[in-house]
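The next block holds one structure in the form of structure tokens; read it before the comments.
This one's a predicted model, so the numbers in the text were calculated from it and none came from an experiment.
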Amino acid sequence: FGIHCTGITVGMNGRIYAAGENALIIFDTDGSLRKKVDLEGEATCIASDEGDLLYLGMVEHVEVYNADGEQRDIWVSLGNNAVITSIAVSSDIVYVADAGNRLVMGFSKTGRLATIIGDKNKGAPGFIIPSPYFDVAVGPDNTLWAANTGRRQLENYKPDGTMISSWGESSVSIEGFCGCCNPSHFALLPDGSFVTSEKGIPRVKLYNPLGQFVGAVSGPDQFEAGTVGLDIAVTEQGKILLLDPGMGYIRIFNRK
């Protein structure tokens, strides 16, 4: 990459977008570099919608770009305590995970606040986020999934913040999640299966739509010691894209 990248996404156009320290990098469908866009600051995460708009988390605010890397909007700051770690887009809501405030905020695509998920002041159990790893994704049914890393589980929510279900357990076995805060990243495949990554023991795993362990995608022997930040993106065809910041490239896996 030439820069430290923290997030990846795949557009409906098939392009791969990577974002990180002061730059947005755009790759064509064949993996060749198409464009590098300079950013004023660090992008901590990135997501795209069905219209190929790009939403970049810039620590405490969101910036919107088109598919060619041209800036379209800058949203208001979430405050000095905000640490945006993940963004996920449904048909009508842009979900922003804020590890600093331990909340998921849902915005309209024009940046208007529409919902807050995980607010303990409103009776929610809340998110336990010991470190700045707090990932979100939208499932095939258009509902929100969030990684409650302190509980080592994934939780499913309606847009109004009502919890639908959860799965995951704290365990040293490969079927579970170990350490203080895992899974660090995850994504949902088109069939509703989950791909997860972990820090501490860097590994990538596959679970079925019910959260039952299916198998390992990549083990710790395939990463440099101490690797963290294994962001995940998936394609409509079911390919798994894994950001390996330690090696500075994106790994692509095909399901057997």
Legend entry - Side-chain donor or acceptor of Thr149 paired with backbone N/O of Arg152 under 3.5 Å: no
Legend entry - Validation row, ring centre Tyr157 to ring centre Phe127 under 6.0 Å: yes
Legend entry - Modelled atom types, side-chain donor and acceptor of Glu169 and Gln153, under 3.5 Å: no
Legend entry - Main-chain N/O of Ala67 paired to Arg15 side chain as donor or acceptor, under 3.5 Å: yes
Inset, instruction - Walk me through it: do Ser193 and Asn208 pass the test side chain to side chain donor-acceptor pair (under 3.5 Å)? - result: CA-CA 4 Å; Ser193 298; Asn208 71 16; over 6 Å; no
Legend entry - Closest contact, heavy atoms only, Ser171 versus Ser173: OG-OG, 2.8 Å
Legend entry - Side chain to side chain, Leu189 and Glu236, heavy atoms closer than 4.5 Å: no
Inset, instruction - Using the side chain to side chain donor-acceptor pair (under 3.5 Å) rule, take Thr44 and Thr6 through it: C-alpha gap first, then chi angles, then the decisive distance, then the call. - result: CA-CA 6 Å; Thr44 55; Thr6 51; 5.9 Å; no
Legend entry - For Tyr55, the rest of its hydrophobic cluster, which grows through side-chain links under 4.5 angstrom: Leu53, Val62, Val64, Trp75, Leu78, Ile84, Ile87, Val89, Val94, Val96, Leu103, Met105, Phe107, Leu113, Ile116
Inset, instruction - Using a 4.5 Å cut-off on heavy atoms from C-beta on, say whether the side chain of Ser86 contacts that of Tyr133. - result: no
Legend entry - Option among Phe186, Trp145, Phe194, Trp167 that satisfies the ring pair (Phe, Tyr, Trp, His ring centres under 6.0 Å) test with Tyr207: Trp167
Inset, instruction - Could you tell me whether a side-chain N or O of Lys199 sits under 3.5 Å from a main-chain N or O of Asn182, the two making a donor and an acceptor? - result: no
Inset, instruction - Hey, could you give me the CD1/CD1 distance between Ile25 and Ile250, rounded to the nearest 0.5 Å? - result: 8.5 Å
Legend entry - Pair listing, salt bridge (charged side-chain N to carboxylate O under 4.0 Å, His left out) test, anchored in residues 78-103, at least two apart: none
Legend entry - Under-4.0 Å salt bridge between Glu50 and Lys109: yes
Inset, instruction - Please determine if Glu198 and Lys205 form a salt bridge, counting it only when a charged side-chain N lies under 4.0 Å from a carboxylate O. - result: yes
Legend entry - Shortest non-hydrogen contact between Gly69 and Leu24, atoms and distance: CA-CD2, 4.1 Å
